[in-house]
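What follows is one structure encoded as structure tokens, with my remarks underneath.
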Amino acid sequence: MITLSDTKAINIEDILTLYKANEWSSANKPNELYNGLLNSETLITAWEGKKLIGLGNAISDGFLTVYYPHLLVLPDYQGKGIGKMIVDKMQEKYSLFHMQMLTADGKAVDFYKKNGFERAGKTEPMWIYQGNEH
């Protein structure tokens, strides 16, 4: 049975296991990753018992705009609706916001399209990025 939680009482080891399994370079900055997640306005975690199997976070001004930086599910649990559960939980809070933003690539693009996101007009994603997985 999968349960969702909005608690920030989560340990760094569980987070690093999830990020390393998905080969996200932010796992190489464990303290920054941990503090960034804990300082997010919203952190939704997915659990199978006591095992962290997914998470998503949101950064927001609280009224108008929200940005979703991370959504990860352990590879063995992908394709089972867990990511959608996390997105749906975020929508409970942010569905009426003027702008919901994220950056997606690869398989994530189709996932987000299925969940109501679309390309933002003619915009181009831009960043100064310290990672290495793209």
Side-chain angles (χ1 to χ4, degrees):
M1 180 203 271
I2 308 302
T3 58
L4 296 183
S5 174
D6 62 0
T7 182
K8 293 185 179 177
I10 180 172
N11 70 57
I12 194 168
E13 292 81 17
D14 289 339
I15 291 169
L16 291 176
T17 297
L18 176 61
Y19 278 73
K20 288 177 182 178
N22 282 284
E23 299 180 357
W24 279 39
S25 61
S26 50
N28 298 325
K29 297 180 179 184
N31 292 326
E32 293 86 348
L33 172 60
Y34 183 68
N35 289 319
L37 290 171
L38 294 186
N39 282 294
S40 299
E41 180 177 84
T42 303
L43 177 64
I44 303 297
T45 51
W47 301 86
E48 183 178 64
K50 294 186 178 189
K51 181 179 184 177
L52 178 67
I53 59 171
L55 70 74
N57 70 322
I59 300 169
S60 176
D61 59 19
F63 298 94
L64 192 66
T65 303
V66 60
Y67 176 68
Y68 304 111
H70 296 178
L71 176 61
L72 297 91
V73 174
L74 283 174
D76 289 346
Y77 291 82
Q78 292 175 7
K80 299 176 189 247
I82 297 161
K84 178 167 180 28
M85 289 171 62
I86 294 170
V87 169
D88 289 348
K89 190 70 171 171
M90 291 290 189
Q91 288 302 301
E92 289 177 16
K93 184 171 185 176
Y94 298 111
S95 66
L96 298 178
F97 275 48
H98 179 69
M99 183 168 43
Q100 299 180 59
M101 301 172 57
L102 57 83
T103 301
D105 69 353
K107 297 184 297 183
V109 173
D110 288 336
F111 168 80
Y112 285 113
K113 283 182 179 179
K114 288 178 191 174
N115 284 280
F117 289 83
E118 60 187 36
R119 183 180 172 103
K122 295 180 182 180
T123 63
E124 290 290 329
M126 302 177 82
W127 60 13
I128 297 173
Y129 183 63
Q130 302 298 320
N132 60 16
E133 75 267 9
H134 295 279

Distance-only criterion, 3.5 Å: show the donor-acceptor pairs between side-chain atoms of residues 64-71 and protein atoms not counting sequence neighbours.
from: Tyr68; atom 1: OH; to: Gln91; atom 2: NE2; distance (Å): 3.4
from: Tyr68; atom 1: OH; to: Gln100; atom 2: OE1; distance (Å): 2.6
from: His70; atom 1: ND1; to: Tyr19; atom 2: OH; distance (Å): 2.6

At their closest point, which heavy atom of Ala21 faces which heavy atom of Pro75, and how far apart are they?
-> O-CG, 3.4 Å
Do Ile10 and Val73 sit in the same hydrophobic cluster, where Ile, Leu, Val, Met, Phe, Trp and Tyr count as joined when their side-chain heavy atoms come under 4.5 Å apart?
-> yes
Ion pair check, Glu48 and Lys80, cut-off under 4.0 Å = no
Applying the 4.5 Å side-chain criterion to the ILVMFWY set and letting contacts propagate, would Val109 and Leu102 be lumped into a single cluster?
-> no
Can you measure from CG (Leu52) to CG (Leu18) and round to the nearest 0.5 angstrom?
-> 5.0 Å
Linking I/L/V/M/F/W/Y whenever any side-chain heavy atoms sit under 4.5 Å apart, do Ile59 and Val87 land together?
-> no
Compare all side-chain heavy atoms of Arg119 with those of Lys113 and state whether any distance is below 4.5 angstrom.
-> no
d(Asn57 CG, Thr42 OG1) to nearest 0.5 Å is 8.5 Å
Heavy-atom closest pair, residues Ile82 and Ala46 = CG2-CB, 3.7 Å
Has Lys93 got more than 12 heavy atoms of other residues, nucleotides or ligands less than 6.0 Å from its NZ?
-> yes
Just by distance, do the side chain of Thr123 and the backbone of Ala120 share a donor-acceptor pair under 3.5 Å?
-> yes
Side-chain heavy-atom pair Ile53, Trp47 within 4.5 angstrom cut-off = no
Least distance between heavy atoms, Phe97 atom then Ser60 atom | CE2-OG, 3.2 Å
Report the distance from atom CE of Met99 to atom CG of Asp61, rounding to the nearest 0.5 Å.
-> 8.5 Å
List the steps and the verdict of side-chain hydrogen bond (donor to acceptor under 3.5 Å, both in side chains) for Glu41 and Tyr94.
-> CA-CA 11 Å; Glu41 180 177 84; Tyr94 298 111; 2.5 Å; yes
With no hydrogens and no angle check, is any side-chain donor or acceptor of Asn11 less than 3.5 Å from a backbone partner on Glu13?
-> yes
To the nearest 0.5 Å, atom CG of Asp105 lies from atom OH of Tyr112 at 10.0 Å
Basic-acidic side-chain contact under 4.0 Å: Asp88, Lys84 = yes
For residues Leu43 and Asp6, determine if any side-chain heavy atom of one lies less than 4.5 Å from a side-chain heavy atom of the other.
-> no
Between Leu4 and Thr45, is any pair of side-chain heavy atoms under 4.5 Å apart?
-> no
Do the side chains of Asn28 and Lys20 get nearer than 4.5 Å, heavy atoms only?
-> no
Can you measure from OG1 (Thr17) to CG (Leu74) and round to the nearest 0.5 angstrom?
-> 8.0 Å
Can you tell me if Lys8 uses its side chain to pair, donor with acceptor, with the backbone of Leu37 under 3.5 Å?
-> no
Look up atom CD1 in Ile12 and atom CG in Asn31, then write down how far apart they are to the nearest 0.5 Å.
-> 5.0 Å
Of all residues at least two apart in sequence or in a different chain, which pass the side-chain hydrogen bond (donor to acceptor under 3.5 Å, both in side chains) check with Glu118?
-> none
Got Tyr34 and Asn39 here, is their nearest side-chain heavy-atom distance under 4.5 Å?
-> no
